[in-house]
Amino acid sequence: MASYSNFTTDRKKHSRGINLFNKGRNFNKKSKSERLMDGIGAWASFYRANPHRFVKEYLGITLKLFQCILIYMMVHNHYFMYLASRGQGKTWLTSVYCCVQAILFPGTKIVIASGTKGQAREVIEKIDDLRKESQNLRREIEDLKTSTNDARVEFHNGSWIKIVASNDGARSKRANLLIVDEFRMVDFEIISKVLRKFLTAPRSPKYLEKEEYAHLKERNKEIYLSSCWYKVHWSYNRFVTYFNAMMKGSKYFVCGLPYQIAIKEGLLDKDQVKDEMSEEDFDPIGWSMEMEALWFGESEKAYFKFEDLEKNRKLASPLFPPDYYDLIKDSNFKFENKKPGEVRLISNDIAGMAGKDNDASVYTIFRLIPNSNGYDRHIVYMESIVGGHTGSQATRIRQLFEDYACDYIVLDTQSIGLGVYDALCQPLYDKERAKEYEPLSCINDEKMAERCTYQNAEKLIYSIKGNAQLNSEIAVLLKDGFKRGKIKIPINENEGREYLKRFKGYEALPEETKAKFVSSYVQITLLINEMINLEAEYSDNGQIKLKEPKSKRKDRYSSVAYGNYVATLLERKLNKQTEYDIDDDLVYF
């Protein structure tokens with residue numbers, strides 16, 4: 001960091017240095033052309049040493065103090081990693097830096113990659129916005145395109161910026177500067193075997209052909225940008241590598257800036273942050289990683305491992321409620337009906353009044369797709385509601401049951417869930433949809449079935465009454481399902497946004513409507529965070545008890561675990577696997 005003293009040097013001192021430089025070279029005795037080139041050389045040297053000043057004085061762009069420091073470090077290090085909280089303008093700052101590097105170092109080849117090509121294209125779009133505000137930047141750019149298949153910026157001095165897809169198809173590119181945005185979303189094999197191979201030959205200006213300037217040979221650069229993630233992920237090991245190299249004095253720089261700096265600089269609203277942190281479904285793990293720039297490591301006692309869950313995020317699209325499909329006018333965006341032999345479940349964990357710890361009702365839709373060994377379990381939709389009247393919750397369950405053409409309802413009938421069950425056993429009038437639902441009864445518990453006074457009620461409700469043995473079996477089955485890849489869940493929300501952008505009309509939707517679509521992906525992230533927080537305690541008889549940390553929830557886990565348990569029972573029946581010991585309460589199934 002010793003070189004950082006240049007950053008704070010007074011501008012007048014630099015000006016005096018330039019005047020001395022001119023005087024020593026007999027500036028006034030040279031031709032106009034020679035004086036011009038000497039001036040360009042002096043100012044180029046000055047701005048290369050102080051790129052933050054170049055941004056302000058030449059491009060006319062005002063930077064915050066932390067942005068000045070980051071721009072400086074980007075230019076003066078060979079390897080750079082920036083872990084940013086939401087609201088810091090990471091993509092905008094990257095766009096500014098690309099322009100600085102391209103202008104001050106003619107002939108620079110810059111390649112930008114990201115988890116998705118659309119995300120990488122945002123850098124080009126930001127540069128398009130910047131040139132509208134900066135006359136000098138506009139003069140430097142020869143051509144700029146923001147189209148999906150050909151997003152690029154070309155400069156008059158021979159520099160260019162292009163984007164590539166983060167896959168094997170990106171081979172054979174060449175670059176002097178590699179920028180990987182949201183690098184944690186890119187497969188490490190792609191980074192090491194494809195993207196880094198772009199950096200073959202460094203920038204070679206003509207003056208390097210002269211022997212006296214041979215020592216000025218430049219190095220290629222790599223820049224990685226992201227929010228923090230889980231410690232079990234490869235990106236954490238990369239972070240540690242950069243940190244250790246930086247501490248040894250190598251040309252590496254890494255920093256993580258939390259949300260407080262965005263608030264301090266006026267880029268993020270303090271009251272908005274407070275509101276988000278006070279929400280009932282606040283996710284402390286996600287907040288820690290995304291907003292506090294902290295890596296999260298699961299407990300040694302954690303029963304579910306992040307990598308076992310994350311590897312199953314393979315569903316590009318959830319199955320949205322049917323009315324969502326009317327919002328996007330694209331013929332390729334449509335509700336998927338049942339496949340032959342498919343079974344659908346709505347699995348529910350019920351909570352009571354709002355405001356209590358660990359109190360949220362969660363409704364999960366399972367698609368059981370037949371395969372040669374039984375069923376693939378696709379979790380296609382999840383919805384959580386903090387508290388609520390038993391009658392209103394029963395109505396919502398029936399709505400989802402009808403919307404998704406479900407075959408069974410899986411219901412936690414302990415405590416408050418019993419009230420929801422009783423409501424489902426009665427004719428239920430839905431004011432919102434102006435229709436009445438027929439009463440339903442229990443399929444697996446005779447005593448529960450007797451609570452329904454309607455003898456002709458269809459037996460479609462599977463009653464879950466937890467006890468130590470059942471809870472242990474449920475946990476084991478769910479862990480096994482994820483480890484063996486039998487359970488598929490939607491991709492993460494960033495990839496989900498990119499998937500939705502493919503459909504005509506999505507981008508034009510109001511932001512609050514887009515948020516409803518994205519919430520189907522976010523719910524799965526919250527599910528994963530709940531599950532890796534659960535710690536296992538083992539009894540003498542080998543049973544497992546899962547405990548959540550104080551003030552944390554496991555409602556999503558319970559909803560999914562119940563549904564997977566019933567899916568297993570259906571699978572056993574389908575395969576006629578008589579070797580399993582089936583409890584008495586399952587005979588009715």
Asks: Salt-bridge test for K483 and D308: reply yes if a basic N is under 4.0 Å from a carboxylate O, no otherwise.
Replies: yes
Asks: Below 4.0 angstrom, N of the basic side chain to O of the carboxylate: do D323 and K516 qualify?
Replies: no
Asks: Would you say E182 and S114 are linked by a side-chain donor-acceptor pair, where the criterion is simply a distance under 3.5 Å?
Replies: no
Asks: Below 4.0 angstrom, N of the basic side chain to O of the carboxylate: do E535 and K547 qualify?
Replies: no
Asks: Between R433 and D403, is the closest basic N to carboxylate O distance under 4.0 Å?
Replies: yes
Asks: Are any side-chain N or O atoms of N77 and backbone N or O atoms of M73, one a donor and one an acceptor, separated by less than 3.5 Å?
Replies: yes
Asks: Got a salt bridge between K514 and E507, using NZ or NE/NH1/NH2 to carboxylate O under 4.0 Å?
Replies: yes
Asks: Going by side chain to side chain donor-acceptor pair (under 3.5 Å), name the residues that satisfy it together with Q399, two or more places apart in sequence or in a different chain.
Replies: R396, D430, E432
Asks: Assess the side chains of S85 and E290: does a donor N or O sit below 3.5 Å from an acceptor N or O?
Replies: no
Asks: Would you please indicate yes or no on a ring centroid separation below 6.0 angstrom for Y404 and Y381?
Replies: yes
Asks: Is a side-chain donor-acceptor pair under 3.5 Å present for N492 with R313?
Replies: no
Asks: Could you tell me which non-hydrogen atom of N348 sits nearest to which non-hydrogen atom of Y562, and how far apart they are?
Replies: O-CD1, 3.8 Å
Asks: Could you tell me whether D349 and R556 make a salt bridge, using a distance below 4.0 angstrom between a side-chain N and a carboxylate O?
Replies: no
Asks: What I want to check is whether the side chains of Y557 and E548 have a donor and an acceptor closer together than 3.5 Å.
Replies: no
Asks: Could you check, using the six-membered ring where one of them is a Trp, whether W295 and F239 have ring centers closer than 6.0 angstrom?
Replies: yes
Asks: With a 3.5 Å cut-off and sequence neighbours excluded, list the donor-acceptor pairs that the side chains of residues 260-272 form with protein atoms.
Replies:
from : atom 1 : to   : atom 2 : distance (Å)
D269 : OD2    : D271 : N      : 3.1
D269 : OD2    : Q272 : N      : 2.8
Q272 : NE2    : E276 : OE2    : 3.1

Asks: Would K126 and E122 pass as an ion pair if we require N to O under 4.0 Å?
Replies: no
Asks: Please find out if less than 6.0 Å separates the ring center of Y224 from that of Y82.
Replies: no
Asks: Do K486 and E571 meet the salt-bridge criterion of a basic N to acidic O distance under 4.0 Å?
Replies: yes
Asks: Should the pair D129-R131 be classified as a salt bridge under the 4.0 Å nitrogen-to-oxygen rule?
Replies: no
Asks: For Y499 and E495, what are the C-alpha separation, side-chain angles and deciding distance, and is it a side-chain hydrogen bond (donor to acceptor under 3.5 Å, both in side chains)?
Replies: CA-CA 6 Å; Y499 170 79; E495 294 173 313; over 6 Å; no
Asks: Closer than 3.5 angstrom, by distance alone: can the side chain of T513 be matched with the main-chain N or O of L509 as a donor-acceptor pair?
Replies: no
Asks: Quick one: side chain to side chain donor-acceptor pair (under 3.5 Å) partners of Y506, sequence neighbours excluded?
Replies: none
Asks: Verify the ring-centre separation between F253 and F80: is it less than 6.0 angstrom?
Replies: yes
Asks: Under 6.0 Å between ring centres, would you say that holds for Y325 and F333?
Replies: yes
Asks: Report yes if the distance between the aromatic ring centroids of W287 and F282 is under 6.0 Å, otherwise no.
Replies: yes
Asks: Tell me if the aromatic rings of Y521 and F517 count as close, with their centers under 6.0 Å from one another.
Replies: no
Asks: Between K334 and E336, is the closest basic N to carboxylate O distance under 4.0 Å?
Replies: no
Asks: Answer yes or no: is there a donor N or O on one side and an acceptor on the other, between the side chain of S559 and the main chain of D555, under 3.5 Å?
Replies: no
